[in-house]
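Accompanying notes for the structure given below.
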Amino acid sequence: MKHLFIFFIFILFSCNNHKIEIKINNNSSKKIEKIELTNGYDFHNFFMLSKQDTVIYLDFKDVKYDGLCGIKYIQNDSLKSTKFCYYSNGVPDFYNYFLIIENDTIIINNK
C-alpha cells in the first residue's frame, strides 16, 4: 500500500510539470544576436553578451504532438542552429538542459 501511495504522488506531481528549464551560457568571445529558442509552440527571442548566463523556460502545456526544441542565433554575421530535446505527445525527454555556446559549437547537456 505504501508503494502505491508513493507511485500515485509521483504521477500526480510529474504530470503537472509543463515546462523545461534551459540554462544557456555564452562561453564564446562574441556577443550573440537574435537568439531564438523554441519548441515550435513557445518562442523566446533575446541576445546575450560574451560570458553571460541566462535561464529560459519553454512551456509545453498545450503541446500534444511530437517534435524537437531548437536554438538558432547569429554570431559573427553567421546564422547557426541546432536541435535538442525530443518530445513525444508534448512530453519532453528531459526537463533540464544546459547549453554552452562556444565560438564554433554548442555543447548540450541534460541533467
Side-chain angles (χ1 to χ4, degrees):
M1 187 68 170
K2 179 180 176 182
H3 294 289
L4 182 61
F5 177 74
I6 293 171
F7 178 74
F8 177 75
I9 296 299
F10 173 77
I11 294 298
L12 180 67
F13 284 106
S14 66
C15 292
N16 289 331
N17 189 1
H18 298 293
K19 295 185 179 188
I20 64 170
E21 178 184 75
I22 303 167
K23 295 178 182 177
I24 304 171
N25 172 262
N26 180 3
N27 201 33
S28 71
S29 59
K30 304 287 183 184
K31 174 181 157 182
I32 299 178
E33 300 177 33
K34 298 181 182 177
I35 298 174
E36 181 180 275
L37 187 65
T38 184
N39 61 5
Y41 300 89
D42 189 14
F43 295 85
H44 294 269
N45 295 293
F46 54 99
F47 74 94
M48 293 181 75
L49 300 174
S50 177
K51 308 301 181 191
Q52 181 181 4
D53 296 337
T54 192
V55 177
I56 302 291
Y57 294 91
L58 284 178
D59 191 3
F60 283 81
K61 185 175 182 178
D62 296 323
V63 179
K64 306 285 187 230
Y65 303 100
D66 296 357
L68 294 168
C69 297
I71 184 170
K72 61 182 176 181
Y73 58 93
I74 297 175
Q75 183 182 39
N76 296 334
D77 296 323
S78 176
L79 179 64
K80 300 181 180 190
S81 66
T82 192
K83 302 288 185 190
F84 66 98
C85 179
Y86 173 76
Y87 57 90
S88 178
N89 294 320
V91 178
D93 50 0
F94 295 96
Y95 287 92
N96 295 292
Y97 284 88
F98 187 55
L99 307 180
I100 303 169
I101 301 174
E102 299 287 346
N103 285 329
D104 57 351
T105 191
I106 297 179
I107 300 168
I108 301 169
N109 293 311
N110 52 29
K111 304 187 237 179

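The model shown is predicted, which means the values in this text are computed figures rather than measured ones.
A side-chain donor-acceptor contact under 3.5 Å links Asn103 to the backbone of Ser29. In this structure, the side chain of Asn89 does not engage the main chain of Tyr65 through any donor-acceptor pair within 3.5 Å. Without hydrogens or angle criteria, Lys72 side chain to Lys80 main chain gives no donor-acceptor distance under 3.5 Å.
Atom CD in Glu102 sits 8.0 Å away from atom CG in Asn25 (nearest 0.5 Å). Atom CD1 of Ile100 and atom CG of Asn109 lie 5.5 Å apart (nearest 0.5 Å). Summarising the geometry, atom CE belonging to Met48 is positioned 6.5 Å from atom CD1 belonging to Ile32; distances are rounded to the nearest 0.5 Å. Atom-to-atom distance recorded for His18:NE2 and Leu58:CG is 14.5 Å, nearest 0.5 angstrom. In this structure, Lys30 NZ and Ser50 OG are separated by 9.0 Å, a value rounded to the nearest 0.5 Å. Separation of atoms CG (Asn45) and CD (Glu36) is listed at 5.0 Å; rounding is to 0.5 Å.
The local environment of NZ in Lys51 is crowded, with over 12 non-hydrogen atoms from other residues, nucleotides or ligands closer than 6.0 Å.
The side-chain heavy atoms of Cys85 and Tyr97, taken from C-beta on, include a pair separated by under 4.5 Å. Taking 4.5 Å as the limit, some side-chain heavy atom of Phe60 sits within range of a side-chain heavy atom of Cys69. Between Leu68 and Tyr87, every side-chain heavy-atom pair lies at or beyond the 4.5 Å cut-off. Counting heavy atoms from C-beta on, the side chains of Ile101 and Tyr73 come closer than 4.5 Å. In this structure the side chain of Ile108 never reaches within 4.5 angstrom of the side chain of Phe98, judged on heavy atoms.
Looking at residues two or more places apart in sequence or on another chain, you find no side-chain hydrogen bond (donor to acceptor under 3.5 Å, both in side chains) involving Asp59.
The stretch residues 28-53 participates, sequence neighbours left out, in no ring-ring contact (aromatic ring centres under 6.0 Å, His included) pair at all.
Residues Asn26 and Ser28 have side chains that bring a donor and an acceptor to within less than 3.5 angstrom of each other.
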Test side-chain contact (heavy atoms from CB on, under 4.5 Å) on Asp53 and Ile24 and set out the steps.
CA-CA 6 Å; Asp53 296 337; Ile24 304 171; over 6 Å; no
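When all heavy atoms are compared, the tightest approach of Tyr57 to Glu21 is OH-OE2, 2.8 Å. Here the closest non-hydrogen pair linking Ile20 and Phe94 is CG2-O, 3.5 Å.
For the side chain to side chain contact (heavy atoms under 4.5 Å, CB included) with Phe84, the lone residue among Asp93, Ile106, Asn110, Leu99 that qualifies is Leu99.
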